[in-house]
Amino acid sequence: MEFKNLLIDTTDGVTTLTINSPRTLNALNSALLHELECALYGLNLDVDVKAVVITGAGEKAFVAGADIKEMSTMSAYEGHQFGLTGQRVMLLIEKMTKPVIAAVNGYALGGGLELALACDFIYASNRARLGFPEVTLGIMPGFGGTQNLARLIGPNRANEMIFTGKMIDGTKALAWGIVNELFPPEELLAKARECAATMAGVGSVGLAYAKNAIANGLNMTKEDGFRYEASLFGVLFATEDQKEGMGAFVEKRKAEFKGK
Ligand code: CAA
């Protein structure tokens with residue numbers, strides 16, 4: 001499939017997926033969501049892709065939200081379907097077997113912040129502005145934001161952000177645990193790619209299982225989570241990556257993982 005609104009580059013196992021609609025600050029309309037869904041589905045199946053960085057084109061925005069012009073004329077049914085489509089994209093990222101970093105290079109608002117929150121973690125420019133302005137538009141976050149933000153930073157801070165619609169800066173986002181690290185704008189993408197390259201070099205089956213254990217374990221009791229972790233941990237001893245990783249350590253050489 002040819003993408004009109006996405007740029008995709010894969011180098012040495014690291015894919016950079018750029019939302020490329022800077023004229024509208026990379027706002028997510030239906031066509032763009034459809035492209036994102038197809039692209040992410042493909043990247044998850046592509047064995048040459050080991051880690052993904054998602055960012056926005058231009059200097060101003062990561063993604064300034066869902067497309068307000070498109071939403072302004074939607075019926076309740078269309079709004080529901082649009083929300084479900086956005087949620088499907090977010091869940092696709094969460095279920096990918098590869099790590100996904102959001103490189104938030106500017107505004108991450110509404111659906112844009114929801115996209116960043118769906119990623120495994122967020123690196124941001126120190127000029128980033130994050131927020132959920134939906135209540136100022138007479139709606140509420142609809143691409144998983146109420147669920148993901150409250151789980152990440154707790155209900156009190158999530159309530160404040162979602163009920164006021166006010167943006168926060170990178171420093172506060174870092175202090176609140178939304179963002180893992182802040183960088184000068186010109187360094188952000190390189191730092192995100194560097195981290196992605198580190199993750200691209202490890203045993204990808206172990207990483208995929210760890211991602212699965214963390215995500216699914218959050219919805220279990222601690223005891224069930226421990227049991228689930230133990231079963232995945234055990235399965236890894238049947239992989240070539242485990243033999244290679246531990247063999248390389250014992251033989252004092254660099255492991256050459258095959259991802260199987
Ligand atoms: N949807 C559609 N178009 C958008 C947009 C959006 N979310 N955000 C920006 N744009 C467009 C603007 O309309 C403008 O287009 P025109 O030149 O054709 O008028 C262009 O992008 C540039 O934007 P501005 O001129 O507004 O730029 P600015 O620097 O003055 O302001 C901003 C930047 C503060 C981010 C401002 O654009 C803004 O407030 N955008 C809307 C943010 C928002 O409310 N997002 C939440 C959307 S609702 C949502 O996402 C629901 C959900 O949970 C799924």
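Numbering of ligands and ligand atoms starts at 1, following listing order.
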Minimum-distance pair of heavy atoms, taken over all atoms of [X] and [Y]:
| X | Y | value |
| --- | --- | --- |
| Thr10 | Asp48 | CG2-O, 4.1 Å |
| Leu188 | Ser125 | CD2-N, 3.8 Å |
| Ala158 | Ile153 | N-CD1, 3.8 Å |
| Phe121 | Cys195 | CZ-SG, 3.7 Å |
| Met71 | Ala66 | CE-CB, 3.7 Å |
| Ser204 | Gly259 | OG-CA, 3.3 Å |

Check ligand 1 against [X] and write out every atom of the ligand that is under 4.0 Å from a heavy-atom position of the residue.
| X | result |
| --- | --- |
| Asp67 | 1 (N), 2 (C) |
| Phe143 | 54 (C) |
| Lys60 | 27 (O), 28 (P), 29 (O) |
| Pro141 | 53 (O) |
| Glu114 | 52 (C), 53 (O), 54 (C) |
| Leu137 | 44 (O), 47 (C), 48 (S) |

From [atom], is the closest protein heavy-atom distance below 4.0 Å?
| atom | answer |
| --- | --- |
| atom 29 (O) of ligand 1 | yes |
| atom 48 (S) of ligand 1 | yes |
| atom 7 (N) of ligand 1 | yes |
| atom 20 (C) of ligand 1 | yes |
| atom 26 (O) of ligand 1 | no |

Measure the distance from [atom] to every protein heavy atom, then report the residue, atom name and distance (to 0.1 Å) of the closest one.
| atom | result |
| --- | --- |
| atom 24 (P) of ligand 1 | Leu25 CD1, 4.6 Å |
| atom 45 (N) of ligand 1 | Ala64 O, 2.9 Å |
| atom 38 (C) of ligand 1 | Leu109 CD1, 4.7 Å |
| atom 53 (O) of ligand 1 | Glu134 OE2, 2.5 Å |
| atom 10 (N) of ligand 1 | Thr24 O, 3.7 Å |

Is it true that atom CD of Gln81 has more than 12 heavy atoms of other residues, nucleotides or ligands lying nearer than 6.0 Å?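 More than 12 within 6.0 Å, yes.
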Are there over 12 heavy-atom neighbours, none belonging to Glu223, within less than 6.0 Å of that residue's CD?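 For Glu223, atom CD is not crowded (no more than 12 foreign heavy atoms under 6.0 Å).
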If you measure from each non-hydrogen atom of [X] to ligand 1, which part falls under 4.0 Å: side chain, backbone, both or neither?
| X | answer |
| --- | --- |
| Arg23 | backbone |
| Ala66 | both |
| Thr136 | neither |
| Pro133 | side chain |

What do you reckon, does [X] have a nitrogen or oxygen under 3.5 Å from a nitrogen or oxygen of ligand 1?
| X | answer |
| --- | --- |
| Gly110 | no |
| Gly142 | yes |
| Met167 | no |

Could you go through Phe82 and Phe143, starting from their C-alpha distance and side-chain angles, then the distance that decides it, and tell me whether this counts as ring pair (Phe, Tyr, Trp, His ring centres under 6.0 Å)? CA-CA 9 Å; Phe82 187 62; Phe143 293 172; 5.5 Å; yes
State whether the side chain of [X] and the backbone N or O of [Y] hold a donor-acceptor pair below 3.5 Å, judged by distance alone.
| X | Y | result |
| --- | --- | --- |
| Thr198 | Glu194 | yes |
| Glu240 | Lys260 | no |
| Lys166 | Phe163 | no |
| Lys98 | Asn44 | yes |

Single hit among Asn216, Thr97, Val100 for side chain to side chain contact (heavy atoms under 4.5 Å, CB included) with Lys211: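 Exactly one candidate clears the test, Val100.
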Checking His34 now: which residues fulfil side chain to side chain contact (heavy atoms under 4.5 Å, CB included) with it, not counting sequence neighbours?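 Side chain to side chain contact (heavy atoms under 4.5 Å, CB included) list for His34, sorted by chain: Met1, Cys38.
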Is Lys191 paired with Glu181 through a side-chain N to carboxylate O contact shorter than 4.0 Å?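 Salt bridge absent between Glu181 and Lys191.
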Looking only at heavy atoms of [X], does any of them come nearer than 4.0 Å to an atom of ligand 1?
| X | answer |
| --- | --- |
| Gly145 | no |
| Gly86 | no |
| Met71 | yes |

Given Ile68, Leu33, Ile162, Thr85, identify the one with the heavy atom nearest to atom 41 (C) of ligand 1.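 Result: the heavy atom closest to atom 41 (C) of ligand 1 is in Ile68.
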Taking atom 18 (O) of ligand 1 as the point of reference, which of Met140, Met90, Lys69 owns the nearest heavy atom?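 Looking at heavy atoms only, Lys69 sits closest to atom 18 (O) of ligand 1.
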